[in-house]
Amino acid sequence: MTGANTESSEEADGRGTVARRRWRILAEALQRSSTRDASPDSVSTRKFQSFGLLSYETLGQDFYSVRCISSDLRVIVRLLRRDFSPSQLTGFNNTGNVCIWPSEEILTYYCLSNLKTFSEKSVLELGGGMTCLAGMLVAASGVPARMVLTDGNALSVSNVKVSLQKNSLPVETFARVLRWGVAEEVSPHQGKFDVAMCADW
């Protein structure tokens, strides 16, 4: 019984420490201070890091060459540093700006294992986050006719555009802001795609 109580107390202390670190990161972001001395991975709500389906090669300046284990295809992506301004912490969903989520990792693996699905098709990736990795690698295959990469967060889309400039993709590929429920952003895409791809964490 004593052991169980001690373990429970240690767990509570651990949660308290994590909560304090989260509040400190938020306070520093709101004060526009650097958050690099904190360890975001240990305080993020993202408890599961990876399925191990991706390999990364560091290229410097936040750029990485990324490959899925199911393919020899590689793309260069920029992974943003984890410094956030107050405006980036508010507004439309910003979870995609934090990392490549395991769901995007699985989507990438699935799509590259089923490339015939995209053959000569017009493809739309919805909510691709900070890298739109699955869509980028499908475009790198040269299989689809056209690829449009989207996210509801403008910072994510800006980051994807930077990544696109680092790659010579064989398929016409664009990045656009697309927020679900915003008619003027949704309507230009209606009826123009054969395949929509998306994953949620």
Side-chain angles (χ1 to χ4, degrees), residues 40-41 44 46-82 93-180 188-189 192-201:
D41 286 330
S44 171
R46 180 187 181 203
K47 299 297 183 192
F48 182 79
Q49 296 299 315
S50 172
F51 287 104
L53 301 176
L54 303 175
S55 68
Y56 299 85
E57 179 186 339
T58 304
L59 303 177
Q61 297 293 324
D62 301 331
F63 288 96
Y64 298 83
S65 174
V66 183
R67 181 183 70 83
C68 183
I69 64 168
S70 65
S71 171
D72 289 331
L73 295 169
R74 289 184 174 273
V75 291
I76 297 171
V77 299
R78 182 173 72 163
L79 297 177
L80 293 177
R81 296 186 188 276
R82 297 173 189 231
N93 186 298
N94 62 35
T95 56
N97 289 322
V98 177
C99 58
I100 296 175
W101 290 93
S103 59
E104 182 79 0
E105 183 181 0
I106 291 294
L107 180 64
T108 301
Y109 182 87
Y110 177 82
C111 290
L112 293 180
S113 299
N114 294 278
L115 282 174
K116 63 183 178 183
T117 302
F118 306 99
S119 182
E120 297 302 315
K121 301 287 188 349
S122 182
V123 183
L124 175 69
E125 181 172 11
L126 297 168
M130 71 182 300
T131 63
C132 292
L133 182 63
M136 291 258 299
L137 279 164
V138 169
S141 75
V143 170
R146 176 172 77 117
M147 176 68 71
V148 177
L149 309 170
T150 70
D151 194 76
N153 187 284
L155 181 61
S156 288
V157 174
S158 294
N159 191 62
V160 171
K161 287 179 179 180
V162 170
S163 295
L164 285 174
Q165 292 171 358
K166 294 284 186 179
N167 293 275
S168 297
L169 298 176
V171 171
E172 186 177 49
T173 305
F174 302 97
R176 303 274 188 267
V177 173
L178 177 58
R179 292 172 292 173
W180 300 351
H189 300 294
K192 295 186 178 176
F193 294 92
D194 304 304
V195 179
M197 50 193 285
C198 64
D200 196 5
W201 58 280

Give the intermediate values and the outcome of side chain to side chain contact (heavy atoms under 4.5 Å, CB included) for residues Leu169 and Met147.
CA-CA 10 Å; Leu169 298 176; Met147 176 68 71; over 6 Å; no
Check for a donor-acceptor pair, side chain of Asn153 on one end and backbone N or O of Ser156 on the other, with a separation under 3.5 Å.
yes
Leu54 versus Leu133: any side-chain heavy-atom pair under 4.5 Å?
yes
Shortest non-hydrogen pair, Phe174 vs Leu164, comes out as C-CD1, 4.2 Å
With sequence neighbours left out, the residues meeting side-chain hydrogen bond (donor to acceptor under 3.5 Å, both in side chains) with Ser71 are none
Just by modelled atom types, is the Gly129 backbone N or O under 3.5 Å from a matching donor or acceptor in the Glu104 side chain?
no
Would you name the heavy atoms of Val195 and Phe118 that are closest together and state the gap between them?
CG1-CE2, 3.7 Å
Going by the rule side chain to side chain contact (heavy atoms under 4.5 Å, CB included), which residues pair with Ser70 if we only count those two or more places apart in sequence or in a different chain?
Cys68, Tyr109, Leu112, Ser113
Report the residues that fulfil side-chain hydrogen bond (donor to acceptor under 3.5 Å, both in side chains) with Arg146, sequence neighbours left out, ordered by chain and then residue number.
Ser122
How close do Val66 and Leu137 get, heavy atom to heavy atom, and via which atoms?
O-CD2, 4.3 Å
What are the two closest heavy atoms between Ser103 and Ala199, and how far apart are they?
O-CB, 3.4 Å
Rounded distance (nearest 0.5 Å) linking atom OG1 of Thr117 with atom OH of Tyr110
5.5 Å
Can you name the closest pair of heavy atoms from Cys198 and Leu126 and give their distance?
CB-O, 3.4 Å
Residues passing the side-chain hydrogen bond (donor to acceptor under 3.5 Å, both in side chains) test with Arg74, sequence neighbours excluded, are Ser65
From Leu178, Asp151, Val148, Leu107, residue fulfilling side-chain contact (heavy atoms from CB on, under 4.5 Å) relative to Glu125:
Leu107
For a quick test of reading the model, state the closest non-hydrogen atom pair linking Pro144 to Val171 and the distance between them.
O-CG2, 3.3 Å
Side-chain donor/acceptor of Thr150 to backbone N/O of Val177, under 3.5 Å:
no
For Phe63, enumerate each residue passing the side chain to side chain contact (heavy atoms under 4.5 Å, CB included) test, keeping only those at least two apart in sequence or located in another chain.
Leu59, Gln61, Ile76, Arg78, Val162, Lys166
Should Met197 and Val138 be marked as a side chain to side chain contact (heavy atoms under 4.5 Å, CB included) after you check the CA-CA gap, both sets of side-chain angles, and the distance that decides it?
CA-CA 11 Å; Met197 50 193 285; Val138 169; 4.3 Å; yes
Check: Val75 main-chain N/O paired with Asn167 side-chain donor or acceptor under 3.5 Å:
no
Tell me, do Thr131 and Met136 make a side-chain contact under 4.5 Å, heavy atoms counted?
no
Is Thr173 close to Leu149 at the side-chain level, that is, under 4.5 Å between some pair of heavy atoms?
yes
Please check if the side chain of Glu105 supplies one atom and the backbone of Gly52 the other of a donor-acceptor pair under 3.5 Å.
yes
